[in-house]
Amino acid sequence: MEHMKPLIEALRTKLKQALILWAEGFREACCLHRVIVLCRRSKKLMIRTGQCFLLNGFIFLGSLFVLNSVVIPTLQWILPDHYSQTNCEAMSEFHGVFKFYSFLRGFLIQLFYVFWFYPLYVFSFILSNLWYNDIATHGFAAMGRSGPSTVESSKQNDTLTSDSKVHAARPAGLGGIMIGIGEQVYSLLLLTFFFFEVYAAGFIPYVGKALNFVLLSWMYAYYCFEYKWNLTEWGLEKRLDFFETNWAFFAGFVLVF
């Protein structure tokens, strides 16, 4: 047992560091009041944030609410599946009519999806991604940073990057542009394959659902910080190294959401 003590002590130290980072991530995610502070500093940030809430919270979710609360109940009332007042013999006579009603109701609901919900989803997805980049840019500026050349000046980043490696800066000119494009494509492919892995993990017996939740949470956490890393011009290697080094922080950060 004596030779196991150093290993146990090392594990205890690592666990303590992980718990501290997890608590720090949870605390950072709970600081929602900073959104109000930053919006007060930047009018452009406030406008873009309000537009995102209006599009996604009011129009998109409102359309979903109208579909489930108004359209579908109305169609079920106009085109019912059965009449409660009729007996079994009458039900058998109107079986074909009820079947046609069910088909027609489903067809009308699909029309609502095709001509309204799906186009609105695509429009919201594209426009939101453009606005998210604007929100990140204006929020970055509202935090007192002049531009993308400033890297890791806050207390949070000093804490999290204590174990991170130093990476070479991206070269300037066409070479830097090509490297940036390649990193974006590689990042997209990496996250796509990771998403399929997360989906497949959900089918593992007993622990699949829990593992799916943890992995999906880490993926969302990566998305949350990707805009900031783009503005600070972090390369993909540095992003992944930072994420892997501070996995406990991101697990705590995304738990709030």
Side-chain angles (χ1 to χ4, degrees), residues 4 7-8 10-32 52 56-57 60-61 64 67-68 113 117-118 120-122 124-133 135-136 156-157 159-165 167 179-232 234-257:
M4 293 292 293
L7 179 60
I8 295 175
L11 290 176
R12 185 179 300 172
T13 303
K14 291 294 184 181
L15 180 60
K16 182 179 179 181
Q17 293 175 351
L19 289 175
I20 292 174
L21 281 177
W22 185 92
E24 180 68 15
F26 184 81
R27 186 189 66 82
E28 288 290 331
C30 291
C31 296
L32 298 178
C52 280
N56 297 296
F60 183 76
L61 294 181
L64 187 61
L67 173 65
N68 293 323
Y113 274 99
F117 198 76
Y118 291 147
L120 180 62
Y121 175 80
V122 174
S124 173
F125 180 81
I126 296 174
L127 194 59
S128 293
N129 275 280
L130 297 175
W131 285 350
Y132 292 158
N133 187 66
I135 289 174
Q156 171 194 344
N157 294 322
T159 302
L160 295 177
T161 57
S162 58
D163 296 325
S164 298
K165 299 178 182 177
H167 297 265
I179 291 177
I181 295 175
E183 287 180 346
Q184 291 297 325
V185 174
Y186 182 79
S187 177
L188 179 62
L189 292 175
L190 181 67
L191 290 174
T192 301
F193 281 108
F194 184 74
F195 177 78
F196 285 118
E197 291 176 3
V198 172
Y199 178 76
F203 293 98
I204 299 177
Y206 304 110
V207 298
K209 295 300 182 181
L211 187 60
N212 178 275
F213 173 78
V214 173
L215 295 177
L216 196 61
S217 298
W218 273 328
M219 189 175 72
Y220 287 151
Y222 184 91
Y223 275 126
C224 288
F225 282 83
E226 192 172 32
Y227 290 99
K228 173 180 176 290
W229 294 334
N230 284 332
L231 292 171
T232 53
W234 277 20
L236 181 61
E237 183 182 358
K238 185 174 182 179
R239 299 181 189 187
L240 295 178
D241 180 71
F242 178 80
F243 190 88
E244 292 170 1
T245 304
N246 303 284
W247 59 268
F249 172 88
F250 293 101
F253 179 85
V254 80
L255 184 65
V256 178
F257 304 100

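All values below were derived from every heavy atom in this structure, side-chain atoms included, with hydrogens, water molecules and symmetry-related copies excluded.
- In this structure, A29 and F253 approach most closely via the heavy-atom pair CB-O, 3.1 Å.
- The side chain to side chain contact (heavy atoms under 4.5 Å, CB included) with I20 is formed by just one residue from the set Q17, E24, K16; it is K16.
- The list of salt bridge (charged side-chain N to carboxylate O under 4.0 Å, His left out) pairs with a residue in residues 203-226, not counting sequence neighbours, reads E226-R239.
- At least one side-chain heavy atom of W229 sits less than 4.5 Å from a side-chain heavy atom of F242.
- Summarising the geometry, atom CZ belonging to F250 is positioned 11.0 Å from atom CD belonging to E244; distances are rounded to the nearest 0.5 Å.
- Here the CG atom belonging to L15 is positioned 13.0 Å from the CD1 atom belonging to I8, to the nearest 0.5 angstrom.
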Worked check of side chain to side chain contact (heavy atoms under 4.5 Å, CB included) between F60 and F117:
CA-CA 8 Å; F60 183 76; F117 198 76; 3.9 Å; yes
Solution key, residues 211-222 side-chain donor-acceptor pairs under 3.5 Å, sequence neighbours excluded:
{"residue": "N212", "atom": "ND2", "partner": "V198", "partner atom": "O", "Å": "2.7"}
{"residue": "S217", "atom": "OG", "partner": "F213", "partner atom": "O", "Å": "2.7"}
{"residue": "W218", "atom": "NE1", "partner": "W247", "partner atom": "O", "Å": "3.1"}

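- Taking every heavy atom of both residues into account, A248 and L21 meet most closely at CB-CB, 4.0 Å.
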Apply side chain to side chain contact (heavy atoms under 4.5 Å, CB included) to Y227 and I135, showing your working.
CA-CA 9 Å; Y227 290 99; I135 289 174; over 6 Å; no
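- A distance of 13.5 Å separates CG of L120 from CZ of F125, quoted to the nearest 0.5 Å.
- A donor-acceptor pair under 3.5 Å is formed between the side chain of S128 and the backbone N or O of S124.
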F243 vs F225, test: ring pair (Phe, Tyr, Trp, His ring centres under 6.0 Å). Steps then yes/no.
CA-CA 10 Å; F243 190 88; F225 282 83; 8.6 Å; no
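- Judged by distance alone, the side chain of D241 and the main-chain N or O of E237 form no donor-acceptor pair under 3.5 Å.
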